[in-house]
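For ligands, and for the atoms within them, numbers begin at 1 and follow the listed sequence. When reading the values below, keep in mind they use all heavy atoms of this one structure, side chains included, and skip hydrogens, waters and symmetry mates. What you see is a predicted model, and the numbers here were worked out from it, not measured in a lab.
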Amino acid sequence: MTLITDIRLRRVLDSRGNPTVEADVLTESGGFGRAAAPSGASTGEFEAIELPANEAIAAAREHAVPRLVGEVYAGDQRSVDAALRAADGTEDFSEIGANSAVAISMAAAKAGADVLGAPLFQHLGGAFRGENFPIPLGNVIGGGEHAADATDIQEFLSAPVGAPSVADAVFANAAVHQEIHDILLERDLPSGKGDEGAWAPSVDDTEAFEIVDEAVSTVSEELGFEIKFGLDVAAAEMYDEDEGGYVYDDQVRDTDEQIEYIAELVEEYDLVYVEDPLDENDFDAFTELTEQVGDQTLICGDDLFVTNVERLEDGIEQDAANSILIKPNQIGTLTDAFDAIELATRNEYGTIVSHRSGETEDATIAHLAVATDAEFIKTGAVGGERTAKLNELIRIADDAA
Ligand SMILES: O=C(O)[C@@H](CO)OP(=O)(O)O
Ligand SMILES: [Mg+2]
């Protein structure tokens, strides 16, 4: 029933206005799945390779489509993804592009779910999923590679840890986003938004901390449940060996100073989550920081691990973090993402499923997070390509997905 009978690939727009790959997968019994690849701006050095969309499509048509159509069942995800790997033949999907691979992988999963008549999260995660929901991390102020002339730290993330339901959590993050707008106007700091819809005011990080701290306290009080916050430092983007360390607007911090700075921020603001606080090549510094504050907060590897089982194994071996960011396009297939999640879970690492800064209306990651019982999902606070995932979480909770 789920034998793949056709795959169509096309270029569509992503949220930055760039072309990306969309895949349609059709099956013998009329099953249909459609998915699109997202795209990063602050990409990790060790990520799978995104090719220009037209090249990725041409290469996938030539190498992957013939290995899938009439050959592989969409309901058998490991076979779909193994065929993609075999068609590509490289470690990093540089032949067909991780963008083609992930679009086909996710579209096949949706086609499989369609034939089986199950919601995607259940097809991926089994009958017992759909009870627990991830806490959404909402990007409310940001800069780095996502907005010019804004904060050095890439993302300040609202984390409604006490929300009674996922819908309450989603609305809480939107309320924090609005509250920040009010505070910015009060401070005479009119601001545009960055790539993920976060406010991108021209303030230094110290002022951003004050503003976010005030906003989460106000909204938390109004709504009557606890809201904390966290960060994606995206420190690999700041790190410059020739400059002697992490380059901020007003100073350069060497590695020891960076560890101390982050540890102080965790203390001062009771941060619940800190992603990529150090350079992607510096496992030792990660280990040092995790030793210092890993019992108080999540230290999460994004560019550090790139959803890659081998890099995660190295991290686990030396206690370099206590959680991992999961981005299917960083590694190329759902199978690879699942394997990373399983390895993380077996080793008591938290898992955080994540969007990219360049996104589409595709909502697969909402299902992936529920299917795998992820602790958090990072997918913005506002903006159509972000609310696509947030609203899908609400629908799943409402049994309406
Ligand atoms: O660094 C990140 O975690 C992501 C998503 O927020 O950004 P990008 O997609 O630009 O890598
Ligand atoms: Mg990141």
Side-chain angles (χ1 to χ4, degrees), residues 14-18 20 36-50 98-99 102 134 136-148 150-159 173 177 193-200 229-239 246 262 271 273-281 286 298-308 311-312 315 321 323-332 337 340 350-360 362 364-366 368-369 374 376-383 385-386 388-390:
D14 79 5
S15 54
R16 276 193 279 255
N18 294 326
T20 189
S39 172
S42 65
T43 45
E45 194 182 326
F46 305 100
E47 289 196 23
I49 303 297
E50 176 188 326
N99 36 349
V102 81
L137 293 168
N139 191 355
V140 288
I141 286 190
E145 292 297 302
H146 294 169
T151 53
D152 291 322
I153 289 177
Q154 182 178 281
E155 300 166 25
F156 289 76
L157 299 157
S158 168
N173 283 347
H177 190 270
K193 293 178 189 170
D195 287 354
E196 298 182 354
W199 299 111
F229 71 103
L231 308 172
D232 181 1
V233 182
E237 302 294 335
M238 287 182 194
Y239 187 71
Y246 297 85
I262 300 291
L271 300 177
Y273 176 79
V274 185
E275 179 183 327
D276 281 349
L278 293 149
D279 183 58
E280 61 204 338
N281 288 299
F286 263 90
L298 285 177
I299 299 294
C300 179
D302 168 19
D303 294 344
L304 180 74
F305 294 139
V306 292
T307 319
N308 180 314
R311 289 187 67 87
L312 178 60
S323 55
I324 177 173
L325 205 72
I326 300 292
K327 293 168 165 169
N329 85 316
Q330 226 171 22
I331 192 70
T351 56
I352 298 92
V353 174
S354 172
H355 66 169
R356 302 305 306 249
S357 49
E359 267 294 341
T360 70
D362 189 285
T364 307
I365 59 165
L368 178 61
F376 289 95
I377 182 169
K378 186 174 87 153
T379 187
V382 296
E385 71 282 4
R386 317 292 153 188
K389 286 77 163 166
L390 298 169

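The residues Lys378 and Glu275 are annotated as salt-bridged, a charged nitrogen and a carboxylate oxygen being separated by less than 4.0 angstrom. Using a 4.0 Å cut-off between charged side-chain N and carboxylate O, Arg356 and Glu196 make no salt bridge.
Looking only at its N/O/S atoms, Glu275 has OE2 as the one nearest to the Mg ion (ligand 2). Asp302 contributes OD2 as its N, O or S atom closest to the Mg ion (ligand 2).
None of the N, O or S atoms belonging to Glu155 lies under 2.8 Å away from the Mg ion (ligand 2). When distances to the Mg ion (ligand 2) are checked against a cut-off of 2.8 Å, Asp276 contributes no N, O or S atom below that limit. Because the distance cut-off is set at 2.8 Å, Asp232 qualifies as a neighbour of the Mg ion (ligand 2) through one of its N, O or S atoms.
Checked by distance only, ligand 1 and Glu47 stay at 3.5 Å or farther apart across all their nitrogen or oxygen atoms. The shortest N or O to N or O distance between Gly358 and ligand 1 is not under 3.5 Å. Considering backbone and side-chain N/O atoms, Glu155 comes within less than 3.5 Å of an N/O atom of ligand 1. For ligand 1, one of its N or O atoms has an N or O atom of Asp302 under 3.5 Å away.
In summary, the atoms of ligand 1 found under 4.0 Å from a heavy atom of Arg356, numbered by their order in the structure, are 8 (P), 9 (O), 11 (O). The atoms of ligand 1 that sit less than 4.0 Å from any heavy atom of Gln154 are 1 (O), 2 (C), 7 (O).
Between Ile141 atom CD1 and Gln154 atom CD the span is 14.0 Å, to the nearest 0.5 Å. Atom-to-atom distance recorded for Glu155:CD and Tyr273:OH is 8.0 Å, nearest 0.5 angstrom.
By the 4.0 Å heavy-atom criterion, Ser42 is counted among the residues contacting ligand 1. Remark: distances from the non-hydrogen atoms of Lys327 to ligand 1 include one below 4.0 Å.
A donor and an acceptor atom, one from each side chain of Asn308 and Glu47, are nowhere located under 3.5 Å apart.
Looking at Lys389, Arg386, Lys327 one by one, the single match for side-chain hydrogen bond (donor to acceptor under 3.5 Å, both in side chains) with His355 turns out to be Arg386.
Counting only heavy atoms from C-beta outward, the side chains of Thr307 and Leu325 never approach each other to under 4.5 Å. In this structure, Pro136 and Thr379 have side chains that are not in contact, with every pair of non-hydrogen atoms separated by 4.5 Å or more. Taking 4.5 Å as the limit, every side-chain heavy atom of Val140 sits out of range of all side-chain heavy atoms of Leu157. In this structure the side chain of Ile299 reaches within 4.5 angstrom of the side chain of Pro277, judged on heavy atoms.
Here the protein heavy atom with the shortest distance to atom 3 (O) of ligand 1 is Lys378 NZ, 2.7 Å. The single protein non-hydrogen atom nearest to atom 5 (C) of ligand 1 is Glu196 OE2, 3.1 Å, given as residue, atom name and distance.
Contacts with ligand 1 closer than 4.0 Å are made by side-chain heavy atoms of Asp232 only, the backbone lying farther away. When non-hydrogen atoms are compared, ligand 1 lies under 4.0 Å from the side chain of His146 (C-beta onward) but not from its backbone.
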Would you sort out whether Ser158 and Asn173 count as a side-chain hydrogen bond (donor to acceptor under 3.5 Å, both in side chains), showing the intermediate values?
-> CA-CA 6 Å; Ser158 168; Asn173 283 347; 2.7 Å; yes
